[in-house]
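Before any comments, here is the structure.
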Protein chains: 2
Amino acid sequence: MTIHDVARAAGVSPATVSRVFNGGKVTPARALSVQEAAAALGFAPNRVARSLRKQRSSVIALIIPDIENPFFTSLARGVEDAAQRTSLSVVLCNSDEDTEKERRYLEVALGEQMAGVIVAAASQDETDLGPLTDRGVPVVAVDRRPRDAEVDAVRVDNHHGGEVATRHLLQAGYRRIACITGPEGASTSEERLAGHRAALSAAQGSAAAAAADNTYIRHADFRVEGGRVAMRELLALPEPPDAVFVANNLMTIGVLDALGEAGRTPPGVGVLSFGDVPWASLVRPSLTAVELPSYELGRTAADLLLQRRDGSLSPVQTVVLRTKLQVRESTAGPAGS
Amino acid sequence: MTIHDVARAAGVSPATVSRVFNGGKVTPARALSVQEAAAALGFAPNRVARSLRKQRSSVIALIIPDIENPFFTSLARGVEDAAQRTSLSVVLCNSDEDTEKERRYLEVALGEQMAGVIVAAASQDETDLGPLTDRGVPVVAVDRRPRDAEVDAVRVDNHHGGEVATRHLLQAGYRRIACITGPEGASTSEERLAGHRAALSAAQGSAAAAAADNTYIRHADFRVEGGRVAMRELLALPEPPDAVFVANNLMTIGVLDALGEAGRTPPGVGVLSFGDVPWASLVRPSLTAVELPSYELGRTAADLLLQRRDGSLSPVQTVVLRTKLQVRESTAGPAGS
DNA sequence: ATTGACGATGAAATCGTTTTCTGTCAGCGT
DNA sequence: ACGCTGACAGAAAACGATTTCATCGTCAAT
């Protein structure tokens, strides 16, 4: 079932059939007979052959590091909705925070001549976008920023978000504020931690100065289990923290679990999550969180990709979206106050 | 950068380069020089050309109806882990419960000559797998069963699960048991509801007989909002139910929200969820749920696909996995007892 | 009526692989 | 020494679309 069969059935040449399907100029009468023949034969064009000839397919890849994290699935919907309005299809690839898996997916995207790639990089250093950009494939980095890659990017203001978060805890009266951040080497981890540190430094001279060292800093893996383990460690310290800034949504769940085990609950211990805790409505008491525009992140990334594809948007561009502190505590403050 | 360039650099023919990359018989010396040339040039084979020639690509598509539902993302991980051990890559497509989007993805899968398709169908009737199966593409239906499609399938025992769930509520002493199920036309909706009805019928003669009509039956959309709305409706009835069997995890979240609004909480009102509520550890008091083997569902589907691809596994096969009732209530029973 | 212009059409080249088919050469048995 | 066998290499034909280029009409203007 090829374009030739349709051509023969309709009594025209393959070229004409192709033109009918691609909006070339064809006499209405002929066009109609081609349509009919195609429908009768149940013809569906071979996208592989088309991609080979055009040197470009019509699907774009979205590579994310954790498909079980609602932040990324929401981002994915943003990408999809934006692509929806074009003729492009989106396929999702889950790198599982594994640079090797990610490498394979990037290789697939390149080999399949994909129309573009949106990637939330598993690593700042090992993620190599060179082969893609060298071949002129439009690439947009979203959420995470790969080191020295000259690609368009969309991210949130992590430093600012972290700073606002920790400042909020300070203002609520907490003094021994811990930070559980993500893996070293991830841009998001580092920036959120830096924001946290900046807020503490700014409060220097007060009791917060004591926390300037690394006693209350933990690096975990951005997953529930990592948050749980890190929080247990912090609780086991001789002088446990009275509040914790958690650098992502899933780790916050682990933190809340660990607190529950120890019989503590917010706001007795301050908990501030970077990123909405999924289905937060079920969590009582409600949590304050730095809200991330995950959907918009995806949508913006897709828009950038489409513009880049069009040839508009010449210089490389980075869009930074603002976070918003969503205060949900009814009565905030440390247990003792 | 094609196979020809590598061939020229290595002083061999393109055919030989191809053989080196595909395990054909080649003199070690030549093979080495090809490897070196390829590495030096940074050659990556064009998968599109390969797919065109081989009439089959090396990626499989997984089409799911809701990427924001942890049940499906867990299933996706199962698929991926199983495929991991082969040379196949998995790409995810989100149909969003929209048969039109699903149709497009199926078309893409066909046109891209994908090595196989695993699909959790958005609809029982409108999902047309014919074009795929006609062309000999291996297809596995997972979770949802498309009507009269002769494909391998993996699903859970929905009827049994629904029956066990409602029986559990009956045994806990609830008498006016409602059921919020999914959209009409989805196999999972229907089967779970049928199980619910079977359990009620079996209890006939008791007060449960009153619930045999449709007063307490609601069809919603398998999403949080649908559950919330349906539960509000039920609560507004002259004689509201004292328990509810909710046919999926997300709707249960909406139900719990609606109950919260009304100042009710389990076990004052019985709530039994079909499928684990995501991050259930945060929900207090804990919920009883019919546990679904989502990961295994995915893994089994991928295994079936791989077997079908190998040519083993001649007759069409359906694997039914068992659900497990996970009781998590400390003190169960209606408010009045 | 002749020429020019323009628009639709088909033939054929092309995209980059895989694979068949044919050839060559070395080694071996007789 | 001759032929046979077998293994490996290369030439060339696929795969199914798009697209260039040439051709053929048709129509209008002079």
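It should be emphasised that the depicted structure is a prediction, and the values quoted were computed from it without experimental measurement.
Rounded to whole Å, atom C1' of D:dT19 lies 17 Å from atom CZ of A:R56. The NE2 atom of A:H4 sits 12 Å away from the C1' atom of C:dA13 (whole-angstrom rounding). Rounded to a whole Å, the CZ atom of B:R135 is 12 Å from the C1' atom of D:dC15. Atoms CZ (A:R50) and C1' (D:dC15) sit 16 Å apart, rounded to a whole Å. When the P atom of D:dT20 is taken as reference, atom CG of A:N22 falls 12 Å away, rounded to whole Å. Look at CD on B:E112: it is 13 Å from C1' on D:dA17, rounded to the nearest Å. Regarding B:L52, its CG atom lies at a distance of 11 Å from the P atom of C:dT18, rounded to whole Å.
A centroid separation of 6.0 Å or more is found between the aromatic rings of B:F71 and B:Y295.
Taking a cutoff of 4.0 Å between a charged side-chain nitrogen and a carboxylate oxygen, A:E126 and A:R147 do not qualify as a salt bridge. Salt bridge absent: B:E68 and B:R223 never bring a charged side-chain N and a carboxylate O closer than 4.0 Å. B:E107 and B:R103 are joined by a salt bridge, as a carboxylate oxygen and a charged side-chain nitrogen come within less than 4.0 angstrom of each other. A salt bridge links A:K101 with B:E80: at least one charged nitrogen is closer than 4.0 Å to a carboxylate oxygen.
Side-chain N or O atoms of B:S95 include one that pairs as donor or acceptor with a backbone N or O of B:I64 at under 3.5 Å. A:T86 places a side-chain N or O within 3.5 Å of a backbone atom of A:L88 that can act as its donor or acceptor partner.
Side-chain N/O atoms of A:Q55 include none lying less than 4.0 angstrom from OP1 or OP2 on C:dT14. At D:dA17, one or more side-chain N or O atoms of A:T2 fall inside 4.0 Å of OP1 or OP2 (strictly under the cut-off). Contact annotation: A:S18 side-chain N/O to D:dA17 OP1/OP2 distance is not under 4.0 Å. Not one side-chain nitrogen or oxygen of A:N46 sits closer than 4.0 Å to the OP1 or OP2 atom of D:dC15.
Residue contacts shown for B:F21 are absent, as no nucleic acid heavy atom lies under 4.0 Å away.
Taking five base pairs at each end of the helix from C:dA1-D:dT30 to C:dT30-D:dA1 and finding the rotation axis that steps the C1' atoms of four pairs onto the next four gives two axes whose angle is 50°, to the nearest 10°.
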* **Candidate pair B:L110 and B:R135, rule side-chain contact (heavy atoms from CB on, under 4.5 Å), full reasoning** => CA-CA 8 Å; B:L110 179 65; B:R135 284 227 205 165; 4.1 Å; yes
Per-nt protein contacts along nucleotides 9-14 of chain D (heavy atom under 4.0 Å; B base, S backbone sugar-phosphate only, - none) come out as BBB-BB
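Taking every heavy atom of both residues into account, B:R85 and B:D81 meet most closely at NE-O, 3.7 Å.
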